[in-house]
Enquirer: 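Structure in structure tokens, see below.
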2 protein chains.
Amino acid sequence: MTEEQEVFYQHIQKKGLKRTAQRDLILDVFLDTEGHMSGEDLYRLVSEKDPTVGQTTVYRTLRLLTDAGLAREVRFGDGRAHYEHNYKHQHHDHMICSDCGKIIEFYSPELEALQDAMAAKYKFELTSHLLRMIGICADCRRKARDQKRATEKGVTVGSTVSASGRG
Amino acid sequence: MTEEQEVFYQHIQKKGLKRTAQRDLILDVFLDTEGHMSGEDLYRLVSEKDPTVGQTTVYRTLRLLTDAGLAREVRFGDGRAHYEHNYKHQHHDHMICSDCGKIIEFYSPELEALQDAMAAKYKFELTSHLLRMIGICADCRRKARDQKRATEKGVTVGSTVSASGRG
DNA sequence: CTCAATGCAAAGTATTTGCACGCTC
DNA sequence: GAGCGTGCAAATACTTTGCATTGAG
């Protein structure tokens, strides 16, 4: 029995809820999956192990996991909710590559402190926060650079130099 | 003709698109509205002035405004897209009161700088970013405090003090 | 006259809800 | 055995798409 599972069962008992095979399975799959997953993702993964589990149950259990403090809901702005491990996982923020979709997790105590300071300035009691940085990751930048170099070599007649860039 | 309108028409001409009464109206309503609005909100506002305009057109025009640099899409995590003025409006971040829904806009050059530094550390080329701070605003904190004080004083036999709240 | 724009209705996407039955405590 | 939990299908909420018609350039 992992620590997470204990947390889950304690939460369930405390709330007068019941332990079921579906919840066990969903928790297992959640714990076995690194990184972020949407409700849909988890449903798909669970279905592979037991196709009889309904999506309703997955969504409801995901909320249960969040209540229990095992999962954290993150929204990246694509309209769907994503979940990530929250138990004994330090808070972190995300850099999202708009090219390849890769997500880099990072943590900056300075950023956290500065946000606390801003909140204090507005007498705002901070509950949580979400920082999402969108851009191009190192890999995709390298690829773009290589591609550009190849183009520049090949195209001698290269008259039209379109303004790229983005602000 | 405002500056924004000029920007819009120039964008339209540059792209070989057409100026229509609907787009004019939608732009006007958008410019007249302060703060954030969702696609739906704008559709409702436009409908008041001209009920024949379809929601499709509103959504499409909103994207057009974004392309033209007049609007900025912001997502607060409720699943719908919100838009705010972007032309000659400094970038800013948001504090969202989870009690009353109020949105406080703020700007912190230190935060921006720190984010740039974090991006550089990961060789990440930053395109844009979104910082959302969720908590309780000063007003709601005061209300909660007052209510708590009243409860502590008044309720000796403390029978039915229904928890109100949630707006 | 051509191609973009419009508006309706239908489809799509992600998630939630009503309800009858089943299972845990 | 009581009541929570489940799964199905339908509902929801917001947004997008197909298509025939309208209208700007």
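All values reported here derive from a predicted model rather than from experimental measurement.
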Enquirer: Quick one: side chain to side chain donor-acceptor pair (under 3.5 Å) pairs with a partner in residues 113-123 of chain B, sequence neighbours left out?
Expert: B:Gln115-B:His129
Enquirer: Need two values: the first and the last nucleotide of DNA chain D, 5' to 3', having an atom under 4.0 Å from any heavy-atom of chain B.
Expert: D:dC14 to D:dG25
Enquirer: B:Tyr43 or B:Gly16: which one's nearest nucleotide on DNA chain C is closer to the 5' end?
Expert: B:Gly16
Enquirer: In residues 55-74 of chain A, which residues come under 4.0 Å of DNA chain D by heavy atom?
Expert: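 Output list: A:Thr56, A:Thr57, A:Arg60.
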Enquirer: Test your reading of the model: is there a side-chain donor-acceptor pair from A:Asp28 to the backbone of A:Leu25, 3.5 Å cut-off?
Expert: no
Enquirer: Heavy atoms under 4.0 Å, any strand shown: does B:Thr52 hit a base, just sugar-phosphate, or nothing?
Expert: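 Answer is sugar-phosphate: B:Thr52 comes under 4.0 Å of backbone atoms only.
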Enquirer: Could you label the plane-to-plane angle of the B:Phe30 and B:His85 rings as parallel, tilted or perpendicular, counting under 30° as parallel and over 60° as perpendicular?
Expert: tilted
Enquirer: Could you state the atom-to-atom distance from CD of A:Glu40 to P of C:dT15 in whole Å?
Expert: 6 Å
Enquirer: If you draw the axis of the six-membered ring of A:Tyr9, does the NZ or CZ of A:Arg19 fall within 45° of it and under 6.0 Å from the ring centre?
Expert: yes
Enquirer: Nucleotides 21-25 of chain C: which of its N/O atoms have a protein N/O under 3.5 Å away?
Expert:
{"from": "C:dT24", "atom 1": "O3'", "to": "A:Arg19", "atom 2": "O", "distance (Å)": "3.4"}
{"from": "C:dT24", "atom 1": "O2", "to": "A:Lys18", "atom 2": "NZ", "distance (Å)": "3.2"}
{"from": "C:dC25", "atom 1": "OP1", "to": "A:Arg19", "atom 2": "N", "distance (Å)": "3.3"}

Enquirer: Whole angstrom is fine here: how far is it from CG in B:Asp24 over to C1' in C:dT6?
Expert: 15 Å
Enquirer: For a quick test of your reading: what N or O donor-acceptor pairs under 3.5 Å do the side chains of residues 60-67 of chain B make, sequence neighbours left out?
Expert:
{"from": "B:Thr61", "atom 1": "OG1", "to": "B:Thr57", "atom 2": "O", "distance (Å)": "2.7"}
{"from": "B:Thr66", "atom 1": "OG1", "to": "B:Leu62", "atom 2": "O", "distance (Å)": "2.8"}

Enquirer: Using atom types as modelled and distance alone, determine if a side-chain donor or acceptor of B:Asp24 lies under 3.5 Å from a backbone N or O of B:Ala21.
Expert: no
Enquirer: Among residues at least two apart in sequence or on other chains, which ones pass side chain to side chain contact (heavy atoms under 4.5 Å, CB included) with A:Asp32?
Expert: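 Here no residue qualifies.
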Enquirer: So, the side chain of B:Gln10 versus the backbone of B:Val7: is there a donor-acceptor pair under 3.5 Å, distance only?
Expert: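 Flag not set: sc B:Gln10 to bb B:Val7 has no pair under 3.5 Å.
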Enquirer: Under the 3.5 angstrom rule, does the side chain of B:His92 hit a backbone N or O of B:Gln90 as a donor-acceptor pair?
Expert: yes
Enquirer: Does B:Arg75 offer a backbone N or O that forms a donor-acceptor pair with the side chain of B:Arg132 under 3.5 Å?
Expert: yes
